[in-house]
Asker: 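Following this message is one structure expressed as structure tokens.
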Protein chains: 2
Amino acid sequence: MNNKELIGELSRRLGYTNKDATQLVASIVSIMGEELQDGKTLSFTGFGTFEVKKKMERITVNPVTKQRLLVPPKLTLTYKPSPALKEKFKNTSADE
Amino acid sequence: MNNKELIGELSRRLGYTNKDATQLVASIVSIMGEELQDGKTLSFTGFGTFEVKKKMERITVNPVTKQRLLVPPKLTLTYKPSPALKEKFKNTSADE
């Protein structure tokens, strides 16, 4: 499912126009991006938690030249599904 | 930020009532959950991709009793931020 399909499904279920649903999805994406950029954690009941975590700096060694290189600290976005959402996959067989 | 704060911010920006914004957020969460349960990948421009991946079965050994145990295959939900969202964190210093 992509943005367009989510927008279509949302309009169908709630009776919004395509234009309104498009604006809504775009606003949610911007709000979430802004919050994360401000270093805030997003925690949505029934879905999960998004958090920006800092990966520490580390030293790599080029195996050919043996040159050591310092990789600077990096910010990465992590996601952890909520227990309720995780539970849904538990009940789905992994063999399917 | 939690559900309630997202709903508040959404109403403020787009002029929806709290009730409508609550319904919208709940619908998006259900739609996403349903799609993922159906084994579909969610790919939202500007935000990222959610995908249910299968972790293979593996054998663990209890270090005390030496007993071998088969851990069954498991479905887990993964998230990968979009390049555009990743880029936002690159420009934020990790030293802050």
Side-chain angles (χ1 to χ4, degrees), chain A residues 1-6 9-10 12-14 16 20-21 23-50 52 54-57 72-82 84-86 88-96, chain B residues 1-6 9-10 12-14 16 20-21 23-50 52 54-57 72-82 84-86 88-96:
Chain A
M1 171 177 260
N2 58 25
N3 285 43
K4 211 178 158 185
E5 288 161 334
L6 173 64
E9 186 60 23
L10 212 55
R12 202 184 61 75
R13 293 200 187 183
L14 302 177
Y16 284 97
D20 283 349
Q23 194 189 33
L24 271 158
V25 170
S27 291
I28 291 175
V29 170
S30 334
I31 292 170
M32 289 174 75
E34 288 164 26
E35 291 285 311
L36 291 170
Q37 261 192 289
D38 284 354
K40 287 176 191 151
T41 297
L42 301 177
S43 185
F44 302 124
T45 317
F47 197 75
T49 305
F50 295 92
V52 178
K54 185 177 166 179
K55 277 199 179 168
M56 298 312 288
E57 62 182 11
K74 198 168 79 167
L75 294 176
T76 52
L77 178 53
T78 63
Y79 165 69
K80 200 172 163 258
S82 74
L85 192 57
K86 266 189 176 172
K88 288 188 186 174
F89 300 116
K90 260 194 201 158
N91 301 327
T92 315
S93 166
D95 298 323
E96 274 171 21
Chain B
M1 173 178 259
N2 58 25
N3 286 43
K4 211 177 158 186
E5 289 161 334
L6 173 65
E9 185 62 22
L10 212 56
R12 201 185 61 75
R13 291 199 189 183
L14 302 177
Y16 284 98
D20 283 350
Q23 195 190 31
L24 272 158
V25 170
S27 292
I28 291 175
V29 170
S30 338
I31 293 169
M32 290 174 74
E34 289 164 25
E35 291 286 311
L36 291 170
Q37 262 193 288
D38 284 354
K40 287 177 191 150
T41 296
L42 301 177
S43 185
F44 301 124
T45 317
F47 196 75
T49 304
F50 295 91
V52 178
K54 184 177 167 180
K55 277 198 178 170
M56 298 311 287
E57 62 183 12
K74 197 168 78 168
L75 295 175
T76 52
L77 176 55
T78 63
Y79 166 69
K80 201 172 162 257
S82 72
L85 192 57
K86 266 189 175 171
K88 287 188 186 173
F89 300 116
K90 258 193 201 159
N91 300 328
T92 315
S93 167
D95 299 321
E96 275 170 23

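Computation of the quantities below employed the complete heavy-atom set of this structure, encompassing side-chain atoms and omitting hydrogens, waters and symmetry-equivalent molecules.
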Asker: Could you check whether A:Lys88 pairs with B:Glu35 (Lys NZ or Arg NE/NH1/NH2 to Asp/Glu carboxylate O, under 4.0 Å)?
Answerer: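 No salt bridge links A:Lys88 with B:Glu35.
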Asker: If we ignore hydrogens and angles and just use 3.5 Å, is the side chain of B:Asn3 paired with the main-chain N or O of A:Thr45 as donor and acceptor?
Answerer: yes
Asker: Can you tell me which portion of A:Gln23 sits under 4.5 Å from chain B's heavy atoms? Options are side chain, backbone, both or neither.
Answerer: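 Its backbone and side chain both get close to chain B.
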Asker: About how many Å separate CG of A:Leu75 and NZ of B:Lys86, when rounded to the nearest 0.5 Å?
Answerer: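 Here the interatomic distance stands at 13.0 Å.
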Asker: With the side chain counted from C-beta on, respond yes when A:Leu6 and B:Phe44 share a heavy-atom pair under 4.5 Å apart, and no when they do not.
Answerer: yes
Asker: Hey, are the side chains of B:Leu24 and A:Tyr16 touching, using non-hydrogen atoms and a 4.5 Å cut-off?
Answerer: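 Yes; the side chains approach each other to less than 4.5 Å.
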Asker: Could you tell me which portion of A:Ser43 (side chain, backbone, both or neither) has an atom closer than 4.5 angstrom to a non-hydrogen atom of chain B?
Answerer: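 It is both, since atoms from each part get that close.
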Asker: Return the option, out of B:Leu77, B:Leu85, B:Val29, with the maximum number of heavy-atom pairs under 4.5 Å with chain A.
Answerer: B:Leu77
Asker: Counting only heavy atoms closer than 4.5 Å, note whether B:Leu14 contacts chain A via side chain, backbone, both or neither.
Answerer: side chain
Asker: Before you tell me yes or no, could you show the steps for A:Arg13 and B:Glu34 under salt bridge (charged side-chain N to carboxylate O under 4.0 Å, His left out), namely the whole-Å CA-CA distance, both residues' side-chain angles and the distance that decides it to 0.1 Å?
Answerer: CA-CA 14 Å; A:Arg13 293 200 187 183; B:Glu34 289 164 25; 2.6 Å; yes
Asker: Go through the steps to decide whether A:Ile31 and B:Met1 satisfy the test side-chain contact (heavy atoms from CB on, under 4.5 Å), and finish with yes or no.
Answerer: CA-CA 10 Å; A:Ile31 292 170; B:Met1 173 178 259; 3.6 Å; yes
